[in-house]
K.L.:
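I'd like to ask some things about the structure below.
Naming: A, B, ... by sequence-line order, numbering from 1 per chain. Here the structure is a predicted model, which is why all the values come from computation and not from measurement.
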2 protein chains.
Amino acid sequence: MGNIREIAKLAGVSVSTVSRVLNNHPYVKEEKRKAVWEAVEKLNYTKNINAVHLAKGKTSIIGVVLPYVNHPYFSTIVEGISMEALQCGYHLLLFQTSYEANKEIEALEMLKMKQVDGIIICSRTIHWEWIEAYKDYGPIVLCENVKGKDMLSVYINHYQAFKLGMNYLIEKGHRKIGYCIGRTTGTNSKAREDAYYEALKQINESPRPEWIFDHCLYIEDGKRVVTSLLTMKERPTALLVSSDQVAAGIVTFAQHKGMKIPEELAILSFDNHPISEALHITTIELPLSLMGKRAFRMIYNHLESGEMTKKTEELSVHLVERLTV
Amino acid sequence: MGNIREIAKLAGVSVSTVSRVLNNHPYVKEEKRKAVWEAVEKLNYTKNINAVHLAKGKTSIIGVVLPYVNHPYFSTIVEGISMEALQCGYHLLLFQTSYEANKEIEALEMLKMKQVDGIIICSRTIHWEWIEAYKDYGPIVLCENVKGKDMLSVYINHYQAFKLGMNYLIEKGHRKIGYCIGRTTGTNSKAREDAYYEALKQINESPRPEWIFDHCLYIEDGKRVVTSLLTMKERPTALLVSSDQVAAGIVTFAQHKGMKIPEELAILSFDNHPISEALHITTIELPLSLMGKRAFRMIYNHLESGEMTKKTEELSVHLVERLTV
DNA sequence: ATAATGTATGAAACGCATTTCAATGCAATA
DNA sequence: TATTGCATTGAAATGCGTTTCATACATTAT
């Protein structure tokens, strides 16, 4: 294998010239260029990329922080980031946190240590001040509404999305509305909660804590929700469900239990993941892959152009009417 | 920020001592240790990890090569790898290839360049000789049966799994059996194909090309399969479906079209992803997360212990009887 | 008392590519 | 002919932590 100096020696040129050849810089005579490539072949040489990273002070890697890789919500974001990153010659380092604070901080530390040039935080549990403390070390994009805080962000307006959903349900005559959510903390969850309470207030309904289902992430959780509903004397007539996966679980298990949807229980969910189409679930489409792409772009602009235009970008949603409302 | 030399100067010690302190080596007087930490605080110092990587010749990063991050089959493997990697202090660099050869090769090049210490290839399109050419640069684990080739591998016995599925269908009285698969190339796909043809031969049925559906990966593809089935004068009575996602698409769309399952069409799929439980799909459980964990372990053993016991590991599957067969 | 260990610390070499600066050769413009 | 400018090339500095080797002193074993 060897290093650049051995190549230089073998090709009879200086290391600078080898570097120029390797990086396609101009001003190298064709014969020397050829000699260098031949030496590279002969020694089966490849750059040690860690030396490159050290010398350049950057890695062309960006960190992606998320709680669970195998949840479609997040894997779709990652897919978007990945596609865009590839085109720009960047790579992705994955930080699966399970919402553990120390793992999120570890990702931020990696930025400080120059392991990554930037970070995209798809979802977080640590307080945002923690994150702010790291912003001098490189661009950090949050996938949530940062509301005037001086942070980069690309986000889906979950408040608007939930409001849209609530209004749609209300229009359809529902007043007893519950909702299912992944967790109750977090900016996005708070936005949804706000929208929910506000919409209820507008129709003069008081919220029922038992109609709010936390920890709803996967299909299985939908089953849990239905089981719980079945024990209630008074049930909501409609549920806003923050994930198509959960909605799929609810719809299938409810039907299995003989519950009519949407007659007895209307379901309006979010994502517009293929599963919702298959099950004819009315859903509000979230541009997750796009959000990933835009988040990457924002990091990229920061890194390449030094500064950039937008610091925050909001993505809008739209409702896909199907058969569960 | 500064570097280790500045810390040394500020703390009044040598760089070696600083390094010792930073890495918790013994033989440093408590007072110097303290002085170093104070200097670290004062300068808000953090190691430049690229220098560490260069000096150590390793990165504690392993590359994960897969075609699509947002397919449950792969994201579940990644989840397994990630969990295990975290515990061992390793990170994951993602290579989403879309089955493009150059992207797979790029991942291998990263091993040669020492960007990653090892690679896990979840699925590939390039010829295995290509991969073999890189094995001197670090451990490479394939998630497929390498059949005696001198490569590391952790795999699910897809031949056995398909055979199991076929036998189950045959036992249930089916003779006209088709199958759906992600792609026709690839070791795993070939293993399934072999099992399929062999099982057919055992019951003296000749294969019908039109009953074999390629490019079946996502829920939407199930819809395509059903649409295609509906145009046939003679249809299979059962389908072996290589992914729960596709099976979900088939089951839901077929039922939507008024087709009775399993009476008119039996569906036996693979994965035992939650979606199959929700839809009561009979499926053969594949230990994907476990495969990811084991693949990482194998890399890890190689890196830490130098050598290791097993070079190849087979994971077995089991059938989960539900309502679609 | 002497040899053998163990503790503590620093200088210097090592891993390796990039980049700046200076210098030289040549051609084109004034 | 003198001058400006571009093409070429190499020496040396830079980025930064790890690790080996040598040194010096303090113990403990013989």
K.L.:
Decide salt bridge (charged side-chain N to carboxylate O under 4.0 Å, His left out) for A:D150 and A:K135; before the verdict, give the C-alpha distance in whole Å, the side-chain angles of both, and the deciding distance to 0.1 Å.
P.N.:
CA-CA 10 Å; A:D150 189 29; A:K135 72 177 181 178; 3.1 Å; yes
K.L.:
Pick base, sugar-phosphate or nothing for B:N23, based on heavy-atom distances below 4.0 Å to the nucleic acid.
P.N.:
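Touches sugar-phosphate only.
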K.L.:
Nearest to the A:I4 side chain among C:dG6, C:dA17, D:dG10, which nucleotide is it?
P.N.:
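Nearest nucleotide to the side chain: C:dA17.
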K.L.:
Looking only at side-chain atoms of B:V52, point me to the closest of D:dG17, D:dT9, C:dC16.
P.N.:
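It is D:dG17.
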K.L.:
In terms of the nearest nucleotide of DNA chain C, which residue is placed more toward the 5' end: A:V15 or B:A55?
P.N.:
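Its nearest nucleotide lies further toward 5', so the answer is B:A55.
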K.L.:
Give the rounded distance in Å between these two atoms: CG of B:N24 and P of D:dG17.
P.N.:
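Going from B:N24 (CG) to D:dG17 (P), I get 16 Å.
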K.L.:
Please work out if A:V18 contacts a base, only the sugar-phosphate, or nothing of the nucleic acid, heavy-atom cut-off 4.0 Å.
P.N.:
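A:V18: no heavy atom of the nucleic acid under 4.0 Å.
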K.L.:
Starting at atom CG of B:L22, determine the distance to atom P of D:dT18, rounded to an integer number of angstrom.
P.N.:
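From B:L22 CG to D:dT18 P: 7 Å.
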K.L.:
Counting only side-chain nitrogens and oxygens, does A:K32 get under 4.0 Å of the OP1 or OP2 atom of D:dG10?
P.N.:
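For A:K32, the contact criterion (side-chain N or O under 4.0 Å from OP1 or OP2 of D:dG10) is met.
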K.L.:
Between A:I7 (CD1) and C:dC16 (P), how many Å, whole number?
P.N.:
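Distance check: A:I7 CD1 to C:dC16 P gives 12 Å.
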K.L.:
Would you say the ring centers of B:Y90 and B:F296 fall short of 6.0 Å from each other?
P.N.:
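Yes: the rings meet the under 6.0 Å criterion.
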K.L.:
Using the side-chain heavy atoms of B:R20, tell me which of these nucleotides is nearest: C:dT18, D:dG10, C:dG10.
P.N.:
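For B:R20, the side-chain atoms sit closest to C:dG10.
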K.L.:
Separation of A:N3 atom CG from C:dA17 atom C1', in whole Å?
P.N.:
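Rounding to the nearest Å, CG of A:N3 and C1' of C:dA17 are 9 Å apart.
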K.L.:
Which nucleotide sits closest to the side chain of B:N48: D:dG17, C:dT19, D:dA11?
P.N.:
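For B:N48, the side-chain atoms sit closest to D:dG17.
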K.L.:
Fit a plane to each ring of B:W130 and B:Y134, take the angle between them on a 0 to 90° scale, and name the class: parallel (under 30°), tilted (30 to 60°) or perpendicular (over 60°).
P.N.:
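Taking B:Y134 first and then B:W130, their aromatic rings lie parallel (interplane angle under 30°).
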K.L.:
Which nucleotide in the list D:dT19, C:dG15, C:dG10 gets nearest to the side chain of B:V13?
P.N.:
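Of the options given, the side chain of B:V13 lies nearest C:dG10.
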K.L.:
Side chain of A:E79, backbone of B:V69: donor and acceptor closer than 3.5 Å?
P.N.:
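Between the backbone of B:V69 and the side chain of A:E79 there is no qualifying donor-acceptor contact (under 3.5 Å).
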K.L.:
Grab the CD-C1' distance between B:E30 and C:dT9 for me, whole Å please.
P.N.:
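So the CD-C1' distance, B:E30 to C:dT9, works out to 15 Å.
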K.L.:
Does OP1 or OP2 of C:dT24 have a side-chain N or O of A:Y27 closer than 4.0 Å?
P.N.:
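Checking C:dT24 against A:Y27, no side-chain N or O comes under 4.0 Å of OP1 or OP2.
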K.L.:
Is the backbone N or O of B:P72 less than 3.5 Å from a side-chain atom of B:T76, with the two atoms forming a donor-acceptor pair by type?
P.N.:
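Flag set: sc B:T76 to bb B:P72 pair under 3.5 Å.
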K.L.:
Could you walk me through whether A:E30 and A:K34 pass the salt bridge (charged side-chain N to carboxylate O under 4.0 Å, His left out) test, one step at a time?
P.N.:
CA-CA 6 Å; A:E30 203 44 45; A:K34 204 162 142 265; over 6 Å; no
K.L.:
Using a distance-only criterion (donor-acceptor N/O pair, under 3.5 Å, no hydrogens), is the base of D:dG15 paired with the side chain of B:R5?
P.N.:
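Such a pair does not exist between side chain and base.
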K.L.:
Mapping A:V28 and B:G2 to their closest nucleotides on DNA chain D, which lands nearer the 5' end?
P.N.:
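Closest to the 5' end, via its nearest nucleotide, is A:V28.
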K.L.:
Report the distance from atom NE2 of B:H53 to atom P of D:dT19, rounded to the nearest whole Å.
P.N.:
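Distance check: B:H53 NE2 to D:dT19 P gives 14 Å.
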K.L.:
Looking at A:K47, does any N or O in its side chain come under 4.0 Å of the phosphate oxygens OP1/OP2 on C:dT18?
P.N.:
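Yes, A:K47 has a side-chain N/O under 4.0 Å of OP1/OP2 on C:dT18.
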K.L.:
So what does B:T17 touch, heavy atoms closer than 4.0 Å: a base, only the sugar-phosphate, or nothing?
P.N.:
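B:T17: backbone/sugar contact only, no base atoms under 4.0 Å.
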K.L.:
Out of D:dT19, C:dA17, C:dT18, which has the shortest distance to the side chain of A:A51?
P.N.:
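Looking only at side-chain atoms, A:A51 lies closest to C:dA17.
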K.L.:
Looking at the side chain of B:S16, which of D:dT8, C:dA11, D:dG17 is the nearest nucleotide?
P.N.:
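Per side-chain heavy atoms of B:S16, the pick is C:dA11.
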K.L.:
Output the rounded distance in Å from CG (B:L54) to C1' (C:dG15).
P.N.:
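Roughly 4 Å, once rounded to whole Å.
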K.L.:
In whole Å, what is the span from the CG atom of B:N50 to the P atom of C:dT18?
P.N.:
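Spelled out: CG on B:N50 to P on C:dT18 is 13 Å.
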K.L.:
Can you see if the side chain of B:S14 gets near the phosphate of C:dA11 - specifically, an N or O under 4.0 Å from OP1 or OP2?
P.N.:
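For C:dA11, OP1/OP2 do not have a side-chain N/O of B:S14 under 4.0 Å.
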